[in-house]
Structure formats: structure tokens, C-alpha cells
Amino acid sequence: MAKRDGGKLNVFVTRKIPQVGLDMLKEASDVVVSPHDRVLSRNELIQGIEGVHGLLCLLTDEITADVMDASPNLKVISNYAVGYNNVDVAAATERGILVTNTPGVLTDATADLAWTLVMSVSRRVVEGDALTRAGEFTGWDPMLLLGGGVAKKTIGIVGMGRIGQAVAKRATGFDMEILYNDIEPVPSIEERYGARFVTLDELLKASDFITLHAPLTPKTRYMIGSREFGLMKETAYLVNTARGPLVDEKALVKALRDKVIAGAGLDVYEDEPELAPGLAELPNVVLLPHLGSATLETRSKMAEMAAANVLAALEGKRPANLVNPEVLDK
Ligand code: DGY
């Protein structure tokens, strides 16, 4: 690693991550990990970044231009997530700062969680658990908590990247018809999973389960709102494990309350950690606290990957998971 005045370069980590990543960083740099086990305020973030060469941050940290400007030395922003909508990448590129993410290692964990939500909302698992714990299970009842079946139904996958494909793979095991929408068709996926490319509107009209796997960009923000709920079947379920602002959450509450759709399974929210008014009171929604990548193995791999990205950048090498290659390829 390049040394400054014979010393190690400085890295700031905005919250404790699995030790394996911190150990990698400590070997080669002077690391400061935020002492607060919570999301930092803007001022705390700026103070932590002052003078550092590397930043390892989380999806809960808003890394704007003025935050970056707290350190004229900043060479790399390593986001501990695959999604990087929390980083102003254009501002980083302008400043010659590399931005990296952690793709691939969380694909299976996130696809599994999307399926957990598909199953738990349609089969009313959370309601059943609550009823049983409350001592209200009085014996088998032919009409108790009837839900929607999954096998042989139609699943609509919005965003056929790595995670969307992993969801499609799992859907083949349920003999489902697979529809998908993305910027353009991906013929190899159609062959592999028997998936069919359709417009978003067609997908919304035809699917029994709609699952979102698109990145959050200005184009995808609010891609699902009241017009889109109006297109869905009354028996449809919406699952979101991607980013909350893909969905107009107030419109979702209304659609769930008015039974425009049958239910939803959410791992992400428009204004995390806040929930839209009324959402938590609805029985036909399953709510999780952004657990998509939350397995021990996955979070450790993410830590290794995020640390490796920081170290590569500080050593003047090309990080494996660079999202703004134009900084190096100018
Ligand atoms: C990501 O990596 O973008 C996920 O949301 C974290 O779970």
C-alpha cells in the first residue's frame, strides 16, 4: 500500500461490520470504526471522514458531495451493499473518487428472502403464528386463514439482474410461469428459466406475484403507484426486497386497505426506518426490517469484499467491484 510520510493510510468505517473485514483493513491501514452502533448524523459522518483516504460506508449513510469534501484525500468510497443509491456517484466521479459495491455475494440470500415473503404473505404465515401464540388455535378448521397458492401460478419479476434471475431459478421449482421486465430482454435467461419478456403493464396485469429487483434510480423511483396497483389482479401479491422508493408507499397502504390487491411482503420502505401511516396496522402485509442480505455467511462475505475494495483502491489497483470505472479509464 502507498504510504504517506511512512505511515499507513486512514480508513473510516461508519458502523461495526463483521470482524473479518475489519481485520483485513487493520492489517494494511489505520482504521477508525464509528463507536456508535447506529446511523451517524451528517455532522458525525463529516467529522469521521475528515482527512481519511478510504471510507467504508453503509446503505444508511447519505454520501453527498459535501460529505466527500470533508476529506481532500478521499480516494475510495466502498459501499457495504450492492445498491449504491445512497452515494452521489456523479459527484464522486467528478472528484476522482472510486465508488465500489458488493455484488454477487448477497444474491442467494436476497432471493431466498424474496421467496420467504412470497410464501409467508400468500400462506398467511405471520397471521397464523400470531393466532397460535395467542391461544386462538381451537383445532383444524376448514375455513381458517385461507390464502393463495403458489405452485403453477404466474410470477412477474421486475428487474432481471443477478437477484431477479435467482428468484426465477427458484420459481422453476414451483412450476410457475415466469414473466419479467427489464430495460431490454435477456435471451439467455429466457432459455434457461423459460421466462418471457413483457412490458411492465403486461406483467402487472398477468402476474399473481410481482417481485421487485430493480435498482433505485430517478427512472425507477415510484415505478409502482396507484395506477400500477389498479392494473394488478385483486388476488395479486407484491413483494419488495429491493429499495423502498420503487413503490409509492401511501398508494400501497390504500391498495392493501381497499383490497385492490391481496397482499404485500416488504423488506424495504420508502423512508426507512419509518413506515407509511397505516401500513403496520394492516393484516395483509408482512413487514421485515431490511433483512435481504442478513445471513452470517453473506454479511461476512460482504465485509471481505468491501474491505478488499478499499485496500485495492488505496494500493493504486483497480478494485474488483468498481461502479464508476470512468475515474480510471479517462
Ligand atoms: C444491498 O446490498 O443493497 C442490500 O439492500 C443490503 O441488504
Side-chain angles (χ1 to χ4, degrees), residues 13-18 20-22 34 37-40 55-63 76-89 92 98-118 120 157-167 170 182 211-221 223-224 238-247 249 264-275 286-310 319-324:
V13 181
T14 62
R15 192 165 181 176
K16 183 161 170 35
I17 58 166
V20 59
L22 298 178
S34 164
D37 190 18
R38 57 167 168 74
V39 179
L40 297 182
L55 170 67
L56 195 153
C57 59
L58 313 182
L59 59 88
T60 43
D61 300 317
E62 286 297 323
I63 311 297
V76 58
I77 299 168
S78 171
N79 207 40
Y80 182 71
V82 64
Y84 48 86
N85 52 286
N86 57 306
V87 181
D88 184 341
V89 178
L98 305 179
V99 179
T100 65
N101 66 343
T102 62
V105 291
L106 45 75
T107 299
D108 283 327
T110 309
D112 287 347
L113 198 85
W115 268 95
T116 305
L117 287 170
V118 163
S120 49
I157 300 175
V158 181
M160 203 38 132
R162 279 176 291 258
I163 298 171
Q165 289 174 41
V167 168
R170 286 153 177 75
D182 207 320
T211 179
L212 306 182
H213 302 287
L216 175 61
T217 67
K219 278 204 176 127
T220 60
R221 182 175 290 272
M223 71 195 302
I224 306 293
L238 175 73
V239 166
N240 189 5
T241 53
R243 285 291 181 266
L246 298 180
V247 178
E249 206 168 286
L266 305 178
D267 188 41
V268 289
Y269 304 89
E270 191 179 329
D271 185 22
E272 278 180 37
E274 305 300 324
L275 305 185
V286 175
L287 305 172
L288 296 180
H290 206 147
L291 296 179
S293 61
T295 69
L296 286 170
E297 305 91 307
T298 301
R299 289 280 165 87
S300 295
K301 284 189 198 142
M302 287 166 67
E304 284 179 51
M305 202 173 207
N309 285 330
V310 171
N321 313 106
L322 189 56
V323 303
N324 57 348

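We count ligands from 1, going down the list as the structure has it; atoms in each ligand are counted the same way. The figures that follow rest on heavy atoms only: side chains count, while hydrogens, waters and symmetry mates do not.
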Next on the checklist: Salt bridge or not between D37 and R15? Use side-chain N to carboxylate O under 4.0 Å.
Outcome noted: yes

Report task. Please answer whether the main-chain N or O of P18 pairs with a side-chain N or O of S300 as donor and acceptor at a distance below 3.5 Å. Result -> no

If we ignore angles and hydrogens, is there a donor and acceptor under 3.5 Å between the side chains of N321 and N309? yes

For the pair R162 and D108, find out whether any cationic side-chain nitrogen is under 4.0 Å from an anionic carboxylate oxygen. no

Heavy atoms of V268 and A242 approach each other most closely as CG1-O, 3.5 Å

> Taking the side chain as C-beta and beyond, is there a heavy-atom pair between V167 and R170 under 4.5 Å?
Replying inline: no

For ligand 1, find each of its N or O atoms that sits under 3.5 Å from a protein N or O atom, and tabulate the pairs with distances to one decimal place.
unit_1, atom_1, unit_2, atom_2, d
ligand 1, 2 (O), V82, N, 2.7
ligand 1, 3 (O), V82, N, 3.4
ligand 1, 3 (O), G83, N, 3.0
ligand 1, 3 (O), R243, NH1, 3.4
ligand 1, 3 (O), R243, NH2, 2.7
ligand 1, 5 (O), R243, NH1, 2.8
ligand 1, 5 (O), H290, NE2, 2.8
ligand 1, 7 (O), S293, OG, 2.7

